[in-house]
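Presented below is the structure to which this report refers.
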Protein chains: 2
Amino acid sequence: MTPAARRVLEAAGRLFYERGIHAVGVDLIAAEAGVTKKTLYDRFGSKEQLVVEYLADRDERWRAFLAPRLAASASPQGRVLAVFDASRDWTNANSPRGCSMVNAHAEIDDPSHPAYALINGQKQWMLTLLTDLVRPLVPATADSLGRTLMLIHEGALVAHGLRIFPGALDHAREQAAILLAGAADPGSAN
Amino acid sequence: MTPAARRVLEAAGRLFYERGIHAVGVDLIAAEAGVTKKTLYDRFGSKEQLVVEYLADRDERWRAFLAPRLAASASPQGRVLAVFDASRDWTNANSPRGCSMVNAHAEIDDPSHPAYALINGQKQWMLTLLTDLVRPLVPATADSLGRTLMLIHEGALVAHGLRIFPGALDHAREQAAILLAGAADPGSAN
DNA sequence: CGTCGAGTATACAGATCGGTTTAGTATGGA
DNA sequence: TCCATACTAAACCGATCTGTATACTCGACG
């Protein structure tokens, strides 16, 4: 990726996330990147493709942010909680307005849009991750617990983005810890 | 509200929800409503105001949908579960693409936009409702349990809208029931 | 009978949209 | 030296955007 392309992607990412995809025009992106529209179209071809690369880049950076924290956790419980810790730090630093995938989904109705598969894939990856992390703890009910953790996690991202109440991700982490403790205990419902 | 205004609001609500607010122009709304643009602007004044009335109307209809189900439940537990049941039926009938408030929020960056207060008010209303419903059960920890239920509920709406896994609202209801059962039990955490 | 509100039809305005085109500059490697 | 790549500058395209203006019809109501 050329330096100009990197600046375009940075500007597009910032503007798309803060103002919404349809609300941001390519002229503004080019201007903010200090680049002409010709360069933008030479590198990305279309606004649609730029949207796809924006989402792919954000997902990639999130996974790179999460990976070392997962690797640093020794226990399954610790790894699940590391996901919530990482989400808290990530949202505080990069996502005041909630999940970029969810927000982008709100603006894209066409399921054949190339961003659709990316958005769905990202959520499936998170669900699979959480489910796989709890499988050693609760082999029989890993799917159910994974889904519950997913709901709490997604709910916390929304609550954070809409400022429903402060500390949503901390609260989510607490509840996740309780669920994990209850799951480890044999006589528990789930 | 005149018949033409009602048709405009119906068309706007359908199109805004299905395609996104910025993706739908007033010309299309007027055409779908079988109305001229002049009539639309005579009744609503601006697209922004139409957006506000779209969200207000949807919120009003949701509350009207929920109210009798709450009234029909005798116990606090039953009323909380009635919220999840109502959400499941409502989303199946009206919200294949998730919460209209969350989706609208993704498209509105300006906190001074009149829709902002409406969106925030709707979420605060839901949080207060859930918290007040569990207060008789757990007077000391109602705020915490209300927030947890809110996270699960919002997460389920997102999971439903993004098709993360099927039956998200049923799963949310199950988990809510477990939380309520655990909360009623004295020796429990939370 | 007269008036007023609600509506249609249509043209228009100015801005912005995504995207293209033409022309030219600077750089670095074969 | 030659040539491809990366870029700037700026004009241009047709379409669409929100919003307005003009002129008219129709029915209800006093």
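Just so it is clear, the values below take in all heavy atoms, side chains as well, and ignore hydrogens, waters and symmetry mates. Every chain is numbered from 1 and lettered A, B, ... according to where its sequence line falls, protein lines coming before strand lines. Since the model is a prediction, treat every value here as computed from it, not as a measurement.
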Would you say [X] and [Y] make side-chain contact, with heavy atoms under 4.5 Å?
X: B:E32; Y: B:V8; result: no
X: B:L28; Y: B:R19; result: yes
X: A:E154; Y: B:E154; result: no
X: A:P136; Y: A:R79; result: no

Please check if any side-chain donor atom of [X] sits under 3.5 Å from a side-chain acceptor atom of [Y], or the reverse.
X: B:T36; Y: B:T39; answer: yes
X: B:T141; Y: B:S144; answer: no
X: B:R58; Y: B:S95; answer: yes

Handout entry: Where chain B begins and ends its contact with DNA chain C, read 5' to 3' at 4.0 Å from heavy atoms
Key =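 In short, chain B contacts DNA chain C from C:dA6 to C:dA9.
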Work out which heavy atom in [X] is nearest to a heavy atom in [Y]; give both atom names and the distance.
X: B:A168; Y: B:H160; answer: CB-N, 4.0 Å
X: B:Y116; Y: B:D110; answer: CD1-O, 3.3 Å
X: A:R63; Y: A:G121; answer: NH2-O, 4.4 Å

Exercise for the section: Answer yes or no: are there more than 12 heavy-atom neighbours, outside B:R163 itself, under 6.0 Å from its atom CZ? Expected result: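 Count not over threshold, so no.
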Practice task
Looking at every strand, decide which applies to B:T2 at a 4.0 Å heavy-atom threshold: base, sugar-phosphate, or nothing.
Solution key: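 B:T2: backbone/sugar contact only, no base atoms under 4.0 Å.
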Problem - Length of the line joining A:R7:CZ and D:dA6:P, which is rounded to integer Å - result: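 Distance, rounded to whole Å: 14 Å.
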Problem - Which residues share a side-chain hydrogen bond (donor to acceptor under 3.5 Å, both in side chains) with B:N120, sequence neighbours left out - result: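 Checked B:N120 against side-chain hydrogen bond (donor to acceptor under 3.5 Å, both in side chains); zero matches.
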Handout entry: Residues which pass side-chain hydrogen bond (donor to acceptor under 3.5 Å, both in side chains) with A:Q77, listed by chain and number, not counting sequence neighbours
Key =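 Counting only residues at least two positions away or on another chain, A:Q77 forms no side-chain hydrogen bond (donor to acceptor under 3.5 Å, both in side chains).
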Problem - Strand-adjacent residues in residues 8-18 of chain B, judged by heavy atoms under 4.0 Å from DNA chain D - result: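 Residues of residues 8-18 of chain B under 4.0 Å from DNA chain D: none.
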What N/O pairs connect the protein and nucleotides 17-20 of chain D at under 3.5 Å? Give each pair on its own line.
{"unit_1": "D:dT18", "atom_1": "OP1", "unit_2": "B:K47", "atom_2": "NZ", "d": "2.7"}
{"unit_1": "D:dT18", "atom_1": "OP2", "unit_2": "B:V26", "atom_2": "N", "d": "2.9"}
{"unit_1": "D:dG19", "atom_1": "OP2", "unit_2": "B:Y41", "atom_2": "OH", "d": "3.0"}
{"unit_1": "D:dG19", "atom_1": "OP2", "unit_2": "B:K47", "atom_2": "N", "d": "2.9"}
{"unit_1": "D:dG19", "atom_1": "N7", "unit_2": "B:K37", "atom_2": "NZ", "d": "2.8"}
{"unit_1": "D:dG19", "atom_1": "O6", "unit_2": "B:K37", "atom_2": "NZ", "d": "2.3"}

Problem - End-to-end axis angle, where each axis spans five pairs of the helix from C:dC1-D:dG30 to C:dA30-D:dT1, to 10° - result: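 The two end axes of the helix from C:dC1-D:dG30 to C:dA30-D:dT1 meet at 0°.
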